[in-house]
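Sequence lines set the chain letters: A, B, ... in the order given, protein chains first and strands last, and positions in each chain run from 1. What's counted below: heavy atoms across the whole structure, side chains too, no hydrogens, waters or symmetry copies. Every value quoted in this text rests on a predicted model; they were computed, and no experiment measured them.
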Protein chains: 2
Amino acid sequence: MRPWKVLARRVLLSRPPWMEVGVERVELPDGRTVDEFLWVKTRDFALVVAITADRQVVLERSYKHGVRRVALSLPAGYVEAGEAPDQAARRELREETGYVSDDWVSLGSFTVDGNYGVCTEHIFLARDARRSVQAGGAGHDDLEEIEVLTMPLHEALAALERGEVAQLSSAAALALAAIAVSNAR
Amino acid sequence: MRPWKVLARRVLLSRPPWMEVGVERVELPDGRTVDEFLWVKTRDFALVVAITADRQVVLERSYKHGVRRVALSLPAGYVEAGEAPDQAARRELREETGYVSDDWVSLGSFTVDGNYGVCTEHIFLARDARRSVQAGGAGHDDLEEIEVLTMPLHEALAALERGEVAQLSSAAALALAAIAVSNAR
């Protein structure tokens, strides 16, 4: 099962630092060529499932314009230049929620779109998360107003099932974390 | 927590039927305006976690150009015009793998990007899936060569943990299905 060969690549739209869109001319393993296979590149991001010692998940409630509604999500943010994904995860958790943790593990890195690429989501589980006295939920420069809340993991999963988690990135992370935590019991 | 107000919207790039990219001028609840908030629209898709009576998951192994490697994924495809998401799910499962089921349940619909929108992934669980004598894995018009395989659910989750599932869409669905199946036991 061989990879496709990229014969040519050009940019159609460039909006630094947020997005690039373009096309590639590709050759398939069977010899066919596709003249304009679209690709999209947006910024990679890190997302954190932070769980306290008493199994409360740290969640955010905010209006997300891509979803067009208020929903629950997990602390997340773009990986900045020169930053490792786990550093971005620690920073975003602290900046957005005021929580910190000393127990971090990766739950995987996933490509957001199998055809266009788009970006990579890095998912982290932070156990024994605690509210830090140093941080207080300020310092983030997001456009959205964010309400930070906690709820037991099983209630977060019930909220997910009821459709209260609207974004794929958060749904994936919450489900992966539930499996990881249940395996570790 | 109020939604943003869209003051103006324009298209920057149009590649029907695959993709549209544009910007909106939006007004935030606090009165600030953002002149060019990007949006992307690609086609919605349905994805199926099909599990046989003996708890084998129906998987695909293929090269995905957006990921740039061969990886495991779940049967999935675009929702065609005039088609309901669950119809697309049934069709894709049959066309791509030759499997059918009479026991379908939704595991949720999720927006792929909280900022840009992009598209919606509709996730379905198909229980008691069986290989149909009528279908045989042919009939799909995907560019990729697809190998269909089955493995026990716990092995699929182990493969996911080892990084053999590269796409967020499949990782999310597999994790959500594992939780749904374990709750139903």
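- In terms of heavy-atom pairs under 4.5 angstrom with chain B, the leader among A:Ala175, A:Gly114, A:Gly163 is A:Gly114.
- Under the 4.5 Å side-chain heavy-atom criterion for grouping Ile, Leu, Val, Met, Phe, Trp and Tyr, B:Val11 is not connected to A:Val40 through any hydrophobic cluster.
- Interface remark: A:Arg68 contributes side-chain atoms only to the contact with chain B (heavy atom separation under 4.5 Å).
- Between A:His65 and B:Trp4, the two ring planes are parallel [angle under 30°; tilted spans 30° to 60°].
- Proximity of A:Ile179 to B:Glu161: side-chain heavy atoms (C-beta onward) are nowhere separated by under 4.5 Å.
- Using a 4.5 Å heavy-atom cutoff, the side chains of A:Val112 and B:Asp113 are not in contact.
- In this structure, chain B has no heavy atom under 4.5 Å from any part of A:Phe45.
- Listed in order of number, the residues of residues 18-29 of chain A that approach chain B to under 4.5 Å between heavy atoms are A:Trp18, A:Met19, A:Val21, A:Val23, A:Glu24, A:Val26, A:Leu28.
- Proximity to chain B involves both the backbone and the side chain of A:Gln167, based on heavy atoms less than 4.5 angstrom apart.
- Between chain B and the options A:Arg2, A:Arg15, A:Arg162, the largest number of non-hydrogen pairs under 4.5 Å is found for A:Arg15.
- At a 4.5 Å heavy-atom cutoff, the contact between A:Thr42 and chain B is made by side-chain atoms alone.
- Looking at A:Leu12, only its side chain comes within 4.5 Å of chain B, counting heavy atoms on both sides.
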Please test A:Val34 against B:Leu143 for side-chain contact (heavy atoms from CB on, under 4.5 Å), starting from the C-alpha separation and ending with a verdict. CA-CA 9 Å; A:Val34 178; B:Leu143 297 172; 4.0 Å; yes
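- Top candidate by heavy-atom pairs under 4.5 Å with chain A, chosen from B:Ala178, B:Ala166, B:Ala172, B:Gly117, is B:Ala166.
- Applying the side-chain hydrogen bond (donor to acceptor under 3.5 Å, both in side chains) rule to A:Tyr116 yields the partners B:Tyr78; only residues at least two apart in sequence or on another chain are considered.
- Contact of B:Leu157 with chain A is made through the side chain alone, with heavy-atom distances under 4.5 Å.
- Using a 4.5 Å cut-off between side-chain heavy atoms of Ile, Leu, Val, Met, Phe, Trp and Tyr, with links allowed through other members, B:Val79 and B:Ile123 fall into different hydrophobic clusters.
- Under a hydrophobic-cluster definition in which Ile, Leu, Val, Met, Phe, Trp and Tyr are linked whenever side-chain heavy atoms come within less than 4.5 Å, directly or via other members, B:Trp39 and B:Phe37 are assigned to different clusters.
- For the set B:Glu121, B:Glu36, B:Arg69, the entry with the most heavy-atom pairs within less than 4.5 Å of chain A is B:Glu36.
- Linking Ile, Leu, Val, Met, Phe, Trp and Tyr whenever their side-chain heavy atoms come within less than 4.5 Å leaves B:Leu7 and A:Tyr63 in two separate clusters.
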Check the pair B:Val118, A:Val118 against side-chain contact (heavy atoms from CB on, under 4.5 Å), reporting the backbone distance first and the verdict last. CA-CA 10 Å; B:Val118 179; A:Val118 180; 5.7 Å; no
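- Heavy-atom distances place the side chain of B:Val70, and not its backbone, under 4.5 Å from chain A.
- Looking at A:Val67, the atoms closer than 4.5 Å to chain B (heavy atoms on both sides) sit in the backbone and in the side chain alike.
- Between the CG atom in A:Leu38 and the CG atom in B:Leu13 there is a gap of 7.0 Å [rounded to 0.5 Å].
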